[in-house]
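Here is the naming used below: chain letters follow the sequence lines, and residue numbers restart at 1 for every chain.
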Number of protein chains: 2
Amino acid sequence: MSVESRQSSAPARVDEVLARVREAGGRATTSRRILLERLFAEGSHKTAEELAHEVQRIAPDVHLSTIYRNLEELERLGVVTHAHLGHGPATYHLATETHGHLSCESCGATLEAPLGLFDGLAEAARAAFGFEIDPRHFAVLGHCAACRAREAGAEAD
Amino acid sequence: MSVESRQSSAPARVDEVLARVREAGGRATTSRRILLERLFAEGSHKTAEELAHEVQRIAPDVHLSTIYRNLEELERLGVVTHAHLGHGPATYHLATETHGHLSCESCGATLEAPLGLFDGLAEAARAAFGFEIDPRHFAVLGHCAACRAREAGAEAD
DNA sequence: GGGGTAATGGGAACTGTTCGCAACAACGTG
DNA sequence: CACGTTGTTGCGAACAGTTCCCATTACCCC
Ligand SMILES: [Mn+2]
Ligand SMILES: [Mn+2]
Ligand SMILES: [Zn+2]
Ligand SMILES: [Zn+2]
């Protein structure tokens, strides 16, 4: 491995996205670049405010509204999507990671669910109503295994 | 039919609920009564603001915050629930009408889905993650039959 | 009818997000 | 490597939906 070898594919992909931004008539801004680096970094389901804080550790003057505007733009380009996991702020992640969400109403934990999990519901909704579900944008709420165990334990006290 | 016969069971039920409110140490307020009458009236999935307008046609001074407080209280008593059908305000309906929601991201139309529709997903989530879904609080989004037809038509132009 | 207190009107506060605008900075051109 | 165009930014105000606070009201039990 050479000194120039990349630790991950993220930096290369950031440049790819910025190239695409320019193709679309946009500009490769520093705030844009840093935001993209954070989006390609590990950990997903980050809120705009969390992303703002991460970006501000590198460029303190980047304003929250700039984060929102850039997320909006990146979403138009198909690079980013957001999901609503319950009450509270939306969370953003790369559009390449495509999955549904199961979100616990008790503890807020979120599970990424492969889209296949929703096949049964998809078929039922299509058959009954001609309705085509999209389980990616809004989470399905409920109660996670841990919380169910805890609640069952407290009940049988 | 006597002159005193009720047009529907709603008024009787309003009084039943108000009795329950009093049992719980609450009071049978006029704003409370009118709100309940509106909730028992036809049409569901009303937002707090819509309910406020309906109530204000009878009692103009009832404040929106009073509506919210009463809905909150009635929810604690198990009379009312709310659901989130997409972006925008929550919608409230009687807790007796228990169903899930399918909400169209294109036109905003909402379908009331019998809970059985979610059995496939419920089983899959339980099997894969030990997660127990509750499809009543948040709608499952997607695209309704009408919008799908329209979009397919425009595409095949 | 009077007293205790739940509930109200009114408005401010709050969260999450969008908007308007003047100053700035990216980048194609010369 | 100026320079002008124009996309982008920082900033604050505005916005939507909801909750909170507080002095005043009105329910309801005696
Ligand atoms: Mn959304
Ligand atoms: Mn809710
Ligand atoms: Zn949980
Ligand atoms: Zn539709």
- Item | Whole-Å gap separating C1' (dG16(C)) and NE2 (His87(B)) | 12 Å
- Message: So that I can tick it off, tell me whether Glu54(B) and Lys46(B) are bridged by a salt bridge, with the cut-off set at under 4.0 angstrom between side-chain N and carboxylate O.
- Response: yes
- Message: Other members of the hydrophobic cluster containing Ile133(B), with the 4.5 Å side-chain heavy-atom rule, please.
- Response: Leu102(A), Leu111(A), Leu117(A), Phe118(A), Leu121(A), Phe129(A), Phe131(A), Ile133(A), Val140(A), Leu102(B), Leu111(B), Leu117(B), Phe118(B), Leu121(B), Phe129(B), Phe131(B), Val140(B)
- Query: Taking NE2 from His82(A) and C1' from dT18(C), how many angstroms apart are they, rounded to a whole number?
  - Reply: 14 Å
- Query: Taking protein heavy atoms under 4.0 Å as touching, what does nucleotides 22-30 of chain C look like 5' to 3' if B marks base contact, S marks sugar-phosphate-only contact and - marks none?
  - Reply: ---BBS---
- State which residues pass side-chain contact (heavy atoms from CB on, under 4.5 Å) with Ala28(B); sequence neighbours excluded, sorted by chain then number. Leu18(B), Arg22(B)
- note: Leu35(B), atom CG; dA7(C), atom C1'; distance rounded to Å ~ 14 Å
- Tell me, please, which residues at least two apart from His53(B) pass side-chain contact (heavy atoms from CB on, under 4.5 Å). Glu49(B), Gln56(B)
- Could you state the atom-to-atom distance from OH of Tyr92(A) to C1' of dG16(C) in whole Å? 9 Å
- Query: What's the CD1-C1' distance between Ile34(B) and dG9(C), to the nearest Å?
  - Reply: 15 Å
- What does Ala48(A) touch in the nucleic acid at a heavy-atom separation under 4.0 angstrom: a base, only the sugar-phosphate, or nothing? nothing
- Message: Among residues 54-77 of chain B, which ones have heavy-atom contacts with DNA chain D below 4.0 Å?
- Response: Leu64(B), Ser65(B), Tyr68(B), Arg69(B)
- Which residues satisfy the side-chain contact (heavy atoms from CB on, under 4.5 Å) test with Ala59(A), sequence neighbours excluded? Ile34(A), Val62(A)
- Message: If the condition is side-chain contact (heavy atoms from CB on, under 4.5 Å), which residues does Glu123(A) pass it with, not counting sequence neighbours?
- Response: Arg126(A)
- Item | Shared-cluster residues of Leu85(B), by chain and number - hydrophobic side chains joined below 4.5 Å | none
- Note on the structure: When rounded to whole Å, the NE2 to C1' distance for the pair His84(A) and dT15(C) reads 15 Å
- Task: Could you list all the salt bridge (Lys or Arg N to Asp or Glu O under 4.0 Å) pairs where at least one residue sits in residues 97-117 of chain B, not counting sequence neighbours?
- Result: none
